[in-house]
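In what follows, a structure is listed as structure tokens, so that the remarks can point back to it.
Since this is a predicted model, take the numbers as computed values, not measurements. As a basis for the values below, the full set of heavy atoms in this structure was taken, side chains included, without hydrogen atoms, waters or symmetry mates.
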Amino acid sequence: MIIAVDGPSGVGKGTLARTLAHHYNLAFLDTGLLYRQVALHVLEHAGNPENEEDVLKAVQRIDLTVFNDDNLRSEAVSQAASQVAIYPGVRDALFHLQRDFAKNYASPYKGAVLDGRDIGTVILPDADKKIYLTAHTEVRAERRFKELQSRGLDVTFDKILADVKARDRRDQTRVHNPLRPASDAFVLDTSYLSREEVLEKAISYIEK
Ligand code: DC
């Protein structure tokens, strides 16, 4: 079984995808980490994430299999990931990697679950199940704010809210593979749902 989970930041995609992976014994790929890797490499080499040449150089040089850098989750990298993600050269370079992951999962896995922005629309249009999570902007900013605070980072809610809005705008309006639900996706608003309720609704959609 191949499952696509898409949606904007702070909506609970990662948590849901990880839990589904565990529940159904599926290989799991957080595709945002690929864009974050590119962004981190650009920032660490004094590049500009809004300069296409800097970004494409980073794509050619990085090792896209190492995901253990704490900096990948920082707010600066979140913004830069959304900036590098507008370039078709980046998206093309990551396309096959994501698709191969979904097709070549190794035993004992029984399939794969990928979370991102364009999984159901572009990367895996034939996925068996597609889930698109949404939630109010303020709720998502609050979740992100609490997450960063719990990691001991010095952040303000207003700054995070502005960041979430900027990222939404960029991810939704870019020309190549913008964030949007696939026409055949199960759309779920998680604003007022607990993690358990989101999981329960996702499972009942999958098993319908
Ligand atoms: O899911 P995330 O917050 O880690 O993603 C970081 C950025 O990467 C996101 O703002 C846009 C980009 N991204 C993308 O364009 N396509 C994906 N499938 C996943 C992430």
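With sequence neighbours excluded, the residues forming a salt bridge (charged side-chain N to carboxylate O under 4.0 Å, His left out) with K146 are E142, listed by chain and number. Legend: residues meeting side-chain hydrogen bond (donor to acceptor under 3.5 Å, both in side chains) with T137, ordered by chain and number and at least two apart, are absent. Taking Q172 as the reference, nothing meets the side-chain hydrogen bond (donor to acceptor under 3.5 Å, both in side chains) condition, with sequence neighbours excluded. For D189, the side-chain hydrogen bond (donor to acceptor under 3.5 Å, both in side chains) test picks out S191, with sequence neighbours left out.
I160 CD1 to K165 NZ: the interatomic distance, rounded to the nearest 0.5 Å, is 13.0 Å. Between L161 atom CG and F145 atom CZ the span is 11.0 Å, to the nearest 0.5 Å. Separation of atoms CG (D184) and OH (Y132) is listed at 14.0 Å; rounding is to 0.5 Å. Interatomic distance, L97 CG to D92 CG, rounded to the nearest 0.5 Å: 13.0 Å. For the atom pair R117 CZ and N177 CG, the distance stands at 12.5 Å (nearest 0.5 Å). Separation of atoms CZ (R170) and CD (Q79) is listed at 5.0 Å; rounding is to 0.5 Å.
Counting heavy atoms from C-beta on, the side chains of L188 and L16 never come closer than 4.5 Å. Here the side chains of D6 and T121 are not in contact, with every heavy-atom distance at 4.5 Å or above. Looking at I206 and F186, their side chains never come closer than 4.5 Å, going by heavy atoms from C-beta outward. In this structure, the side chains of H176 and I86 stay at 4.5 Å or more apart for every pair of heavy atoms. Contact check for Y192 versus H136: side-chain heavy atoms found under the 4.5 Å cut-off.
Atom OH of Y109 is surrounded by 12 or fewer heavy atoms from other residues, nucleotides or ligands within 6.0 Å. At most 12 non-hydrogen atoms from other residues, nucleotides or ligands lie less than 6.0 angstrom from CZ of R180.
A single hydrophobic cluster is seen to contain both I119 and Y105, as judged by linkage of ILVMFWY side chains at heavy-atom distances under 4.5 Å, directly or through other members. Under a hydrophobic-cluster definition in which Ile, Leu, Val, Met, Phe, Trp and Tyr are linked whenever side-chain heavy atoms come within less than 4.5 Å, directly or via other members, V155 and L43 are assigned to different clusters. L114 and M1 fall into different hydrophobic clusters, where Ile, Leu, Val, Met, Phe, Trp and Tyr residues are linked whenever their side-chain heavy atoms come under 4.5 Å apart, directly or through other members. Hydrophobic clustering of Ile, Leu, Val, Met, Phe, Trp and Tyr side chains at less than 4.5 Å, counting indirect connections, keeps L179 apart from V11. L33 and L20 are assigned to two separate hydrophobic clusters, defined by single-linkage of ILVMFWY side chains at heavy-atom distances under 4.5 Å.
Nearest approach of Q83 to P49, heavy atoms of both residues: OE1-CG, 3.3 Å. Of all the heavy atoms in A17 and V5, the pair that sits closest is CB-CG2, 4.3 Å. Residues I131 and A202 approach most closely at CD1-CB, 3.9 Å, considering heavy atoms. The two residues I2 and A102 have their closest heavy-atom pair at CD1-O, 3.2 Å. When all heavy atoms of P8 and D168 are compared, the pair lying nearest together is CB-OD1, 3.7 Å. For A85 against R91, the heavy-atom pair with the smallest separation is O-NH1, 2.9 Å.
Judged by distance alone, with hydrogens and angles left aside, the side-chain atoms of K130 form a donor-acceptor pair with the main-chain N or O of G120 at under 3.5 Å. Remark: side-chain polar atoms of R36 are paired, donor with acceptor, to backbone N or O of L72 under 3.5 angstrom. Checking side-chain atoms of R99 against main-chain N and O of I123 turns up a donor-acceptor pair under 3.5 Å.
The only member of K201, E197, R195, R143 that meets side-chain hydrogen bond (donor to acceptor under 3.5 Å, both in side chains) when paired with T190 is R143. Here the rule is side-chain contact (heavy atoms from CB on, under 4.5 Å) with V164, and of K159, R169, R140 only R140 fits it.
A cation-pi contact links K129 to Y205, judged by a cut-off of 6.0 Å to the six-membered ring centre and 45° from its axis.
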Quiz item: Would R167 and S78 satisfy side-chain contact (heavy atoms from CB on, under 4.5 Å), going step by step from the backbone distance to the final call?
Solution: CA-CA 8 Å; R167 202 136 71 96; S78 300; 3.7 Å; yes

Quiz item: Would H41 and E44 satisfy side-chain contact (heavy atoms from CB on, under 4.5 Å), going step by step from the backbone distance to the final call?
Solution: CA-CA 5 Å; H41 192 279; E44 282 181 341; 5.7 Å; no

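Contacts classified as side chain to side chain donor-acceptor pair (under 3.5 Å) and involving residues 15-34 (residues at least two apart or in different chains) are given here: Y24-E207, D30-R73. The salt bridge (charged side-chain N to carboxylate O under 4.0 Å, His left out) analysis of residues 49-60, with sequence neighbours excluded, yields no pairs.
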